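Quantities reported herein were computed from a predicted structural model and do not represent experimental measurements.
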Amino acid sequence: MADHYMSESVYVGMCQKIGTPQQVTSRRERFDNGELIANQLMENQLKIRVMVSGSQKEGLRLPGSDIDIMFWPSDFRVLWNFFQFEFRKIGTQIPVISDCSESPPGFTLLRLPIEILPFIKIPSEIYIDDAIQYVMEACVWHNGKLLLSSSKYREIRKKISFPGSSTHGPCNTGTLGSGLEYDEVYCFISEFWPPSALSWIDRCQVWPKRHVANDIVRSGCHFVAIGHKLGKQVDNEWRISFTQAEYKLVYSMNHTQFLTYGMLKLFLKEIINNGVRDEDKLLCSYHMKTAVFWAIQQNTLPYWCPGNLLVGFWVCFKLLLKWVYEGVCPNFFIPQNNMFLNNIFGEAQKRLFMRLYGLYEKGVALLLCSSSMRTSIINVLCNPRRMVRIDEQNLIPEVDLDIELFHDMVEIDVIHPSSLRQCLKLLRIGEPLINYTHTQSQVVLLQKVSSTIFQGAAFYLNNMYIDKGLNKFTYIADKLACHLLKCAVMCGFSSGMLYVAMHFYRTCRYRKAVSVLEMAKAKLVQPWLIYKRNVDQERYNYALGGQALPIKMRKALAWDIKLNHKICYIEELVLEQQPGREDHTPLLYIPPCVLLHMLEFLCYRHVDTMRAQTALNELQVLVHHDQGHFVPEQLRDISWEILGICQQIRGDLRAAMFSYEQSLLQKPFNRIQSATRKRIQDIHTYLYGFLLTVYEAFSGFNNYEAPPVDY
């Protein structure tokens with residue numbers, strides 16, 4: 001009975017740490033919706049499909065949880081034999097043949113069928129400079145076969161990866177604008193189930209259910225660009241990936257099984273690998289997931305419920321201990337693939353086993369070493385009669401659910417139109433999605449994507465006709481741009497009004513811009529405003545508790561202003577956008593309150609100089625003294641830069657120099673160092689010219705040389 005209460009206490013603690021059933025379902029739904037929208041847009045434009053996986057997609061929100069993004073060309077299909085090729089649409093897709101005869105279990109060679117390629121009609125809509133070119137460049141000849149080299153394909157795709165990423169196995173690893181770590185993988189897809197994994201279908205008697213297993217088999221598998229370290233052709237081999245099948249299996253778990261998986265990941269991070277160097281870590285989270293899969297399918301624990309949570313954890317831990325002792329970790333889909341073969345053997349295997357066995361001897365007390373689970377266990381040990389309520393009604397406050405939803409929504413919205421034509425195409429493609437929106441989270445996600453497209457279209461119109469002297473077309477474009485920005489405000493964030501203010505400032509309507517800025521400022525100072533994860537929970541619940549998500553998003557949500565580097569928003573920031581155009585970084589991120597004060601200063605210079613100085617003072621106080629509430633640490637580079645720009649425009653060159661120097665000292669999140677150095681050089685050039693003029697006027701000195709500048 002004590003174990004039952006302890007399990008329920010840990011269950012409640014894990015729900016608060018990992019998520020309640022409703023919370024996890026909502027997370028998965030958001031990522032599925034984002035993936036649906038992204039594929040609708042990307043496949044039509046780039047002939048590329050994308051799949052999101054990893055901990056975030058599975059519904060976990062643990063510190064360090066990453067997101068895996070898999071890309072594959074939609075015009076290539078991997079087949080296992082020529083019989084499957086006969087049923088393909090030859091005129092629309094290019095076949096790639098998988099050959100496992102020379103590779104270890106779980107790996108394969110991919111070859112292009114040169115004997116039939118001359119008879120294949122390559123679709124005219126395929127981008128010759130992209131997908132086909134990358135594939136052909138990665139091909140090598142081997143024993144008369146045209147093989148697709150995994151190592152070459154990785155190198156080629158690395159060149160077009162997100163800027164700042166590094167290579168780790170088959171992945172390009174880096175950090176997104178929101179600070180979320182990602183693994184980017186370029187791969188190929190097969191719609192057919194691998195012959196080497198047919199035994200898995202026969203094992204699906206108890207779990208997963210038949211309809212889930214059938215769906216997994218119909219979905220096929222992927223091929224990622226990494227070879228087996230002990231394989232004969234490590235540079236040419238590809239690993240068979242069951243990522244799609246794995247997240248469907250995780251979706252099919254009940255919540256106790258899912259929390260067991262989360263506990264094992266925490267156990268790995270906080271206990272097994274705690275204090276161990278990265279190069280010495282032998283176990284990874286994929287081993288934990290595999291242990292859960294095998295434990296559920298083997299029906300070791302017939303009933304997975306909150307009262308059995310610790311029992312389920314112990315079953316998985318003992319299975320993992322057995323694998324380490326034997327040196328064999330069978331892949332869940334292809335058991336012949338021993339995932340310990342490369343790194344867990346010899347002395348390393350013995351040391352790992354002794355470490356795990358020492359933890360095993362401690363019993364459940366080993367979880368006291370985990371900071372995430374310690375409190376839940378101590379609560380029961382100190383009060384054995386304490387009743388534990390496992391209903392999810394009051395486990396997670398409403399405001400925390402909303403913050404998480406909005407945070408996910410911002411991360412999912414990765415649409416950055418590159419032209420007005422693309423904006424129009426995206427709107428046409430997205431229109432049918434309106435018929436598929438049923439939940440509030442689907443509605444707000446579609447609204448956010450629409451808002452991004454509206455804003456892009458408005459500024460592309462502005463850029464096309466401003467200063468062209470075509471009065472009639474300029475007037476029509478301006479009316480359309482204003483209407484689009486109004487639509488963006490209606491379905492976007494509170495901070496979206498700043499885009500309207502930038503448009504009015506760019507078109508020299510300063511009083512209108514000031515009027516919009518006053519409304520934006522009134523919204524951004526509300527106590528219930530959500531920015532990042534900062535919010536007054538009590539005020540938020542009082543003002544917006546129970547209301548619909550679209551209303552909350554419009555009234556109480558502010559986020560970083562994203563400036564597309566292909567668009568000129570205001571002339572004062574063109575120099576800061578230039579580095580992004582050169583290194584293909586798509587966006588410049590600015591805190592909304594910083595941009596608000598900047599626009600106030602710029603507009604009031606033409607309306608009221610006293611209020612312009614007030615706005616500059618407010619901006620200076622904000623940048624100098626904010627503790628991360630309105631100016632996040634990663635955006636302090638652009639915040640100091642904007643303060644320096646305003647001070648330079650004001651004529652306070654000494655203060656501007658100090659601000660630029662401070663910008664260079666910050667974390668280079670926006671990569672604007674070259675722009676900052678250029679502005680510092682401009683100030684030095686101006687001062688040099690001024691001093692030269694003074695010397696020429698009063699002493700006739702013409703040989704003055706500028707002092708060297710140390711950056």
Side-chain angles (χ1 to χ4, degrees), residues 455 458-460 462-463 466-467 481 485 495 497-514 516-517 520-521 560-582 585 587-609 611-620 622-623 631 635-653 655-664 666 669-683 685-686:
Q455 290 162 358
F459 280 97
Y460 279 122
N462 181 286
N463 285 199
I466 194 169
D467 299 330
L485 289 171
S495 51
M497 298 185 73
L498 296 177
Y499 291 95
V500 183
M502 282 191 289
H503 173 73
F504 284 143
Y505 173 74
R506 180 93 192 280
T507 53
C508 303
R509 286 171 284 185
Y510 306 116
R511 293 190 182 276
K512 278 193 173 183
V514 166
V516 172
L517 288 170
K521 194 171 188 177
D560 301 329
I561 302 300
K562 302 177 183 179
L563 302 188
N564 190 328
H565 288 314
K566 294 187 177 182
I567 300 174
C568 176
Y569 294 86
I570 57 176
E571 297 291 342
E572 287 77 5
L573 291 175
V574 169
L575 192 59
E576 279 62 38
Q577 291 182 269
Q578 186 62 36
R581 297 191 187 100
E582 295 171 356
T585 306
L587 300 173
L588 179 70
Y589 295 84
I590 305 176
C593 288
V594 172
L595 184 61
L596 171 73
H597 291 309
M598 179 190 190
L599 291 172
E600 279 187 325
F601 167 74
L602 295 175
C603 293
Y604 278 130
R605 286 178 60 242
H606 302 275
V607 177
D608 186 338
T609 54
R611 299 187 71 175
Q613 183 60 47
T614 302
L616 181 57
N617 293 340
E618 291 177 350
L619 175 60
Q620 183 169 334
L622 178 67
V623 175
V631 183
L635 298 184
R636 296 193 69 81
D637 60 342
I638 188 63
S639 301
W640 279 105
E641 183 86 357
I642 285 176
L643 176 59
I645 292 170
C646 294
Q647 290 167 335
Q648 186 175 355
I649 292 173
R650 185 69 175 174
D652 190 351
L653 300 184
M657 282 289 293
F658 175 79
S659 297
Y660 292 144
E661 289 167 357
Q662 289 297 312
S663 178
L664 290 173
Q666 308 303 317
F669 181 82
N670 280 298
R671 300 186 179 93
I672 56 171
Q673 303 97 309
S674 60
T676 307
R677 294 189 179 99
K678 177 67 169 61
R679 291 191 180 278
I680 293 175
Q681 182 64 53
D682 289 345
I683 292 178
T685 302
Y686 171 80

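No side-chain donor from either of Tyr569 and Gln577 sits under 3.5 Å from a side-chain acceptor of the other. For the residue pair Gln613 / Arg650, a side-chain donor-acceptor distance below 3.5 Å is found, with atom types taken as modelled. When only modelled atom types and interatomic distance are considered, Gln647 and Ser659 share a side-chain donor-acceptor pair under 3.5 Å.
In Lys562, the NZ atom is crowded: over 12 heavy atoms of neighbouring residues, nucleotides or ligands sit closer than 6.0 Å.
The side-chain heavy atoms of Ile649 and Glu572, taken from C-beta on, include a pair separated by under 4.5 Å. Between Thr614 and Tyr604, every side-chain heavy-atom pair lies at or beyond the 4.5 Å cut-off. Looking at heavy atoms from C-beta onward, Lys678 lies out of side-chain contact with Gln578 at the 4.5 angstrom threshold. The shortest side-chain heavy-atom distance between Leu616 and Leu643 falls under the 4.5 Å cut-off. In this structure, Leu595 and Met502 have side chains that are in contact, with non-hydrogen atoms separated by less than 4.5 Å. No side-chain heavy atom of Trp640 sits under 4.5 Å from any side-chain heavy atom of Glu661. Contact of the Ile570 side chain with the Leu602 side chain is registered, since non-hydrogen atoms from C-beta on lie closer than 4.5 Å. Side-chain contact check for Ile672 versus Leu575: every heavy-atom pair is 4.5 Å or farther apart.
For the atom pair CD of Gln648 and CD of Glu641, the computed distance is 9.5 Å after rounding to the nearest 0.5 Å. Of the inter-residue distances, the one linking Leu573 atom CG with Ile645 atom CD1 reads 5.0 Å to the nearest 0.5 angstrom. From Gln666, atom CD reaches atom CG of Leu664 across 9.5 Å, with rounding to the nearest 0.5 Å. To the nearest 0.5 angstrom, Leu498 atom CG is 4.5 Å from Ile561 atom CD1. Atom CG of Leu517 and atom CZ of Phe601 lie 13.5 Å apart (nearest 0.5 Å). Distance CG/Leu563 to CD/Gln455: 10.0 Å, rounded to 0.5 Å.
Close placement of the Phe669 and Tyr589 rings is indicated, their centers lying within 6.0 Å of each other.
A salt bridge links Arg679 with Glu576: the distance from a Lys NZ or Arg NE/NH1/NH2 to an Asp or Glu carboxylate oxygen falls below 4.0 Å. Using a 4.0 Å cut-off between a side-chain N of Lys or Arg and a carboxylate O of Asp or Glu, Glu618 and Lys521 qualify as a salt bridge.
For the pair Ser663 (side chain) and Asp637 (backbone), a donor-acceptor distance under 3.5 Å is present. Under the 3.5 Å distance criterion, the side-chain polar atoms of Asn670 are left unmatched by any main-chain donor or acceptor of Ile638.
Between Tyr505 and His606, the two ring planes are tilted [angle within 30° to 60°].
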